[in-house]
Amino acid sequence: MKIAALLLVSAGLSVPALAQTIHSPGNKLTLSFQLSPSGEPTYQLHFGAKTVVNTSKLGLLLQNQPGLDQGFQVARIDSTVHDATWQPVWGEVKNIRNHYKELAVTLAQPAANGHRMVLRFRLFDDGVGFRYEVPQQPGLTYFVVQDEKTEFNLPANHKAFWIPGDYDSNEYAYTTSRLSEVNTTPIKAIEKKAAPTRIQTPLMLKSDDGLYVNIHEAALVNYSAMMLNVDTKTFGLTSQLVPDATGTGAKAYLQAPENTPWRTIVVSNKAPEVLASKLILNLNEPSKVTDTGWIKPQKFVGVWWEMQVSKASWNYSDTTNIKLAGTEWNKLKPNGRHGATTVNVKRYIDFAAAHHIPGVLVEGWNVGWEDWVGNWKEEVFDFVTPYPDFDVNELQRYAASKGVNIIMHHETSGSVTNYERRQDAAYRFMNEHGYTSVKTGYVGRIIPRGEHHDGQWMVNHYVRTAQKTADSHIMVDMHEPVRPTGLHRTYPNWLACEAARGNEFNAFSEGNLPEHETILPFTRLMGGPMDYTPGIFKLQGYAASAPQRQVHTTLAKQLALYVTMYSPLQMAADLPENYNEHLDAFRFIEDVPVDWDDTRIVAAEPGDYLTIARQAKGKNEWYVGSITDEKARTQTVKLDFLTPGTTYEATIYADGKGASWDKNPTAYQIRKQKVNSKTTLKLQLAAGGGAAVSIKPAGK
């Protein structure tokens, strides 16, 4: 249902610059818009009597022409109410309500040839989204955004969970500090270090008066990603767009009519309501994929972790200075460590088939890995030529005979021009050989040289890739891309992304602190699912070159991550032989779904703990995941979401006696008990630990 009400229309005359105020549908939030005396657009946001955002300016600065940031008069004000429910192709819930009040303010600049801009605000009970719209008009057809003057002036020195505003990487551990303490300088860079007070979104904040505030963006299309510059004295945040390669400071090349992504603020006085918000999804366009029956959320295993821990290699040979064209690959000397061999892949296929895992990822199957990284090389991979020890046809036959799908891997090494030239051939190859899913990768510096992972050029590439894979009925999982902004609603074949510091960092670095997985749902996952690659069972002694290295969780917490780290594409990331030592615990990975009808955020506090219950798609089964940081905790879970009058059997996978992430991570216990809607579970979580629970009707 959509109700429109025209509040004020000007016929060539300016509307008085009075404050325009709207309230969210349930009157939880209040948004006010007003022009400053110099004609600058400003807004304020309140949650009840509490200030969320003080008066903050809005505007766009353009190259070589007057900016859209001041000298405005209000030409028109429109208001609408929208209330509808839609069903995602897959997701955390079966139905999503999209209920908001909208304020659209048309602004005109008399001194700038009457240029016009529309500011559109959508106010929900759990936050607001707003964007800039530039209508088609004389004198403003093609234009370049030099800067965006979006402010979020916060009222106090909030606690913040942040990572540096690196234009080329999201793979950082989170820092928890006051806004006044933001300083990226001591942080080791992965790609390009951020300015000292530039940080990324999603930014999670907590005020001393009990508000949880999350700032991000939605529907990032044909624009560069938004970072935030922090004023450590006033606690104001100002947008910082990622520049292009020209060196002129250009951020986005646009042609009217055009609109920017939505800037989003999710706010509540309850942390679980932030995680339950569907505001970002609601601000994205409906699916552009009309036939979605081929899109299948799934679990998978794969030839991957053994390379991360240096047990195997991606490259077939140790020869260097390889040229893609002209190399006789079957004459190279094998190094004996290559992971993607026909024999080894069959081993993973057998394991997947035995444990009802639909997919097997294979990395390192294709030629070019000998000198793939660090050389800023354009012709790296062709995405269709296998190494001599990888038999494409035989593995296609073998996987099909076992009812398993092989997942394609397309690492680009940042050479995106090369990938785009070869995508059509690569996707034809996939269709011909039965590959229904692809994992793409963008490690290293981008080609076109000088472009950034999070700039407009690459943002458009990710969207083009989602479109092209959809056209070929291929599902896609992107690694090292810009962080998601809800576009999986528009392209539901875009199942997941990495775009953050994943579980892999436990393999080759100091690892992820126990709090890491309690922060990610409040930050990175606000924009969409993450391919975090959980399920590591061998938590110590897996890296021969660094025997002291270990995963900073217990085994039970690795199970719980399948519920708390939402994704429709979940990897059981460890080696088959490590799972074979704990098949009783692996049963939870076999059972846990990846698609859901309902989700309940039972308890949450960023940086501390998280407990989530989810109902399996189309089934009367529930799964619970509960995790903690470095502190041991007891988590209470009321099972009032179960069907009244039905008896269920709960299988509880919990930390064992004496378990802790650092001293005794593999201690776990499995117990069963009858439960119903009146039952309350008490889950004992060890330091760095967790618990996973499957709840099925008794007798099934």
Side-chain angles (χ1 to χ4, degrees), residues 152 154 156-208 213-216 225-243 373-374 443-445 452-455 480 482-483 498-526 530 532 543 546 548-553 605-608 629-631 661-662 687-688:
F152 307 86
L154 303 172
N157 191 15
H158 297 337
K159 180 196 287 188
F161 301 83
W162 58 271
I163 58 175
D166 188 330
Y167 297 153
D168 287 292
S169 180
N170 328 85
E171 297 182 342
Y172 290 92
Y174 280 87
T175 298
T176 304
S177 75
R178 295 286 180 169
L179 286 168
S180 61
E181 300 167 331
V182 168
N183 181 12
T184 71
T185 304
I187 298 172
K188 181 181 178 182
I190 295 177
E191 294 287 346
K192 180 179 175 62
K193 186 175 289 186
T197 58
R198 187 177 71 228
I199 58 180
Q200 288 201 36
T201 71
L203 172 64
M204 188 66 207
L205 302 159
K206 185 181 180 182
S207 71
D208 290 341
V213 181
N214 186 278
I215 299 174
H216 190 32
M226 180 182 71
M227 309 290 175
L228 296 171
N229 287 317
V230 181
D231 188 319
T232 57
K233 292 183 169 52
T234 68
F235 321 126
L237 311 176
T238 306
S239 60
Q240 168 67 60
L241 302 179
V242 177
V373 71
V443 173
R445 293 176 292 175
H452 295 292
H453 285 73
D454 293 359
E480 299 87 27
V482 69
R483 64 281 194 282
E498 183 189 38
R501 187 180 175 98
N503 212 14
E504 66 181 5
F505 273 76
N506 291 302
F508 52 73
S509 76
E510 68 278 8
N512 300 328
L513 294 177
E515 69 175 10
H516 187 61
E517 294 93 351
T518 70
I519 296 174
L520 279 172
F522 287 94
T523 51
R524 158 64 183 80
L525 272 77
M526 289 295 294
M530 180 179 177
Y532 188 69
Q548 79 287 354
R549 191 169 292 157
Q550 64 184 98
V551 180
H552 291 60
T553 75
E605 182 63 30
D608 291 340
D629 59 0
E630 74 282 358
K631 296 180 181 179
W661 72 267
D662 54 345

S.K.: Would you please classify the geometry between the Trp661 ring and the His552 ring as parallel, tilted or perpendicular, with 30° and 60° separating the classes?
M.R.: parallel
S.K.: Is it true that the side chains of Thr518 and Asp629 contain a donor and an acceptor less than 3.5 Å apart?
M.R.: no
S.K.: Look up atom OG1 in Thr176 and atom CD in Glu181, then write down how far apart they are to the nearest 0.5 Å.
M.R.: 10.5 Å
S.K.: Distance from Glu515 atom CD to Glu630 atom CD, nearest 0.5 Å?
M.R.: 6.5 Å
S.K.: Could Arg501 and Glu510 be called an ion pair, given the rule that one side-chain N must be under 4.0 Å from one carboxylate O?
M.R.: yes
S.K.: Can you check whether Phe522's main-chain N or O pairs, donor with acceptor, with Asn214's side chain at less than 3.5 Å?
M.R.: yes
S.K.: When rounded to the nearest 0.5 angstrom, what is the spacing between CG in Leu237 and CG in Leu179?
M.R.: 6.0 Å
S.K.: Quick check against the 3.5 Å criterion: does Gln200 have a side-chain atom that pairs as donor or acceptor with the backbone of Pro164?
M.R.: yes
S.K.: Taking Arg549 for the side chain and Asn506 for the main chain, is one N or O donor matched with an acceptor at less than 3.5 Å?
M.R.: no
S.K.: Can you tell me how far OG1 of Thr197 sits from CE of Met227, rounded to the nearest 0.5 angstrom?
M.R.: 13.5 Å
S.K.: Between Arg198 and Thr184, does any side-chain donor sit less than 3.5 Å from a side-chain acceptor?
M.R.: no
S.K.: Just verifying a value: how many Å separate Asp168 CG and Glu480 CD, rounded to the nearest 0.5 Å?
M.R.: 11.5 Å
